[in-house]
Amino acid sequence: MSDTLITIVAILVAAVLMFGFPLMSIADRNDDIAQTAVAAGVSDFVNTVRNEGKITAENYSALRTKLDATGNAYDINIEVKTKSSTIGKKTSWLSSSTVGSSVYYTVATSQILEKVEGVEGAYPLKEGDIITVSAKNKNSTIAQVIKNAFYSVTGQGTQIVARSTGVIQSTGK
């Protein structure tokens with residue numbers, strides 16, 4: 001009886017070693033590839049917006065397409081820090097340059113997407129504005145599920161996250 005139990009346990013351990021760990025390794029590689037694709041997509045989007053000076057529906061749609069190609073669902077956050085043009089400008093007596101610091105105000109994703117997906121079709125930016133885009137997966141990938149099962153980890157584990165920031169180079173029209 002004990003020999004039969006030991007044989008069954010040995011077969012189960014062998015099955016886990018033969019199939020479980022290679023599956024986890026392949027799924028982890030898929031997450032690495034998705035991480036690279038998401039980082040490249042977010043970076044390309046920020047560089048395009050920096051050069052054009054505006055966020056267009058086409059650019060945002062291209063970003064969504066690149067992220068959706070990984071097979072995961074993503075939460076995309078866009079934040080634009082716009083330099084206020086209504087601040088009091090102080091100048092010194094000897095020069096006409098502005099003295100003091102610039103004041104920025106933040107525009108969030110919902111406000112930006114209202115204009116991009118609305119009648120305007122674009123969100124114009126000014127030279128010197130700062131854009132920050134981040135993407136984080138909302139769903140659990142196969143690698144995350146397997147790791148949680150093997151290691152008994154609660155929560156999401158590692159996430160696919162990408163973030164890129166840039167200063168706008170030209171004023172959009």
Side-chain angles (χ1 to χ4, degrees), residues 1-81 106-118 121-123 125 129-169 172:
M1 178 71 177
S2 67
D3 290 338
T4 307
L5 183 63
I6 291 173
T7 304
I8 292 172
V9 169
I11 290 172
L12 289 175
V13 169
V16 167
L17 291 175
M18 287 177 53
F19 300 110
F21 286 112
L23 180 63
M24 185 172 66
S25 178
I26 290 170
D28 201 27
R29 295 288 177 242
N30 285 342
D31 279 3
D32 290 344
I33 292 168
Q35 174 68 41
T36 303
V38 169
V42 169
S43 180
D44 290 346
F45 176 75
V46 168
N47 287 336
T48 301
V49 170
R50 282 179 54 221
N51 293 332
E52 291 180 0
K54 59 185 172 182
I55 301 170
T56 63
E58 294 83 22
N59 293 344
Y60 185 71
S61 177
L63 173 65
R64 297 292 311 201
T65 303
K66 286 180 185 179
L67 297 184
D68 290 343
T70 64
N72 296 314
Y74 292 93
D75 184 24
I76 300 173
N77 290 317
I78 303 172
E79 181 181 287
V80 173
K81 292 185 179 179
T106 302
V107 181
T109 305
S110 60
Q111 297 166 324
I112 294 168
L113 291 182
E114 281 178 12
K115 288 189 176 183
V116 169
E117 295 171 348
Y123 185 83
L125 300 165
D129 291 351
I130 301 169
I131 183 170
T132 302
V133 179
S134 63
K136 178 180 177 184
N137 71 320
K138 295 189 282 189
N139 62 323
S140 293
T141 63
I142 295 172
Q144 292 167 348
V145 171
I146 293 172
K147 284 180 182 179
N148 288 345
F150 273 128
Y151 303 135
S152 300
V153 177
T154 58
Q156 291 290 330
T158 59
Q159 295 284 310
I160 299 172
V161 179
R163 182 179 176 100
S164 184
T165 302
V167 177
I168 304 303
Q169 302 295 322

Which donor-acceptor pairs under 3.5 Å do the side chains of residues 60-67 make with protein atoms, sequence neighbours left out?
{"residue": "Thr65", "atom": "OG1", "partner": "Ser61", "partner atom": "O", "Å": "2.8"}
{"residue": "Lys66", "atom": "NZ", "partner": "Asp44", "partner atom": "OD2", "Å": "3.3"}

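Judged purely by atom type and a 3.5 angstrom limit, Asp28 has no side-chain atom pairing as donor or acceptor with the backbone of Met24. Under a 3.5 Å cut-off, the side chain of Gln111 and the backbone N or O of Ala108 do form a donor-acceptor pair. Checking side-chain atoms of Asp129 against main-chain N and O of Ile168 turns up no donor-acceptor pair under 3.5 Å. In this structure, Thr109 contributes its side chain and Ile78 its backbone to a donor-acceptor pair below 3.5 Å.
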Start with the C-alpha distance between Thr141 and Asp31, add both sets of side-chain angles, then the distance that settles side chain to side chain donor-acceptor pair (under 3.5 Å), and finish with yes or no.
CA-CA 8 Å; Thr141 63; Asp31 279 3; 2.8 Å; yes
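Atom CZ of Arg163 is separated from atom CD of Glu79 by 7.0 Å, given to the nearest 0.5 angstrom. Rounding to the nearest 0.5 Å places CD of Glu52 at 10.5 Å from CG of Leu125. Atom CG in Leu113 sits 12.5 Å away from atom NZ in Lys115 (nearest 0.5 Å). Distance check: Asn47 CG to Gln169 CD gives 9.5 Å after rounding to the nearest 0.5 Å.
Legend: residues meeting salt bridge (charged side-chain N to carboxylate O under 4.0 Å, His left out) with Arg29, ordered by chain and number and at least two apart, are Asp32.
With a 4.5 Å cut-off on side-chain heavy atoms, Ile55 and Ile131 count as touching. Looking only at side-chain heavy atoms (C-beta outward), Gln144 and Gln159 come within less than 4.5 Å of each other. Put simply, the side chain of Thr106 reaches to within 4.5 Å of the side chain of Lys81, judged on heavy atoms. Taking 4.5 Å as the limit, every side-chain heavy atom of Asn30 sits out of range of all side-chain heavy atoms of Ile142.
Asn137 and Asn72 get closest at one heavy-atom pair: CB-CB, 4.4 Å. The two atoms that bring Lys138 and Tyr74 nearest to each other are CE-O, 3.7 Å, heavy atoms only. Summarising the geometry of Val161 relative to Gln35, their closest heavy-atom pair is O-NE2, 2.6 Å, with the distance given to 0.1 Å. The shortest non-hydrogen separation linking Ala162 to Ala39 is CB-CA, 3.6 Å. Residues Ala73 and Asn139 share a closest heavy-atom pair of N-OD1, 3.3 Å. Considering all non-hydrogen atoms of both residues, Ser43 and Ser164 come closest at CA-OG, 3.9 Å.
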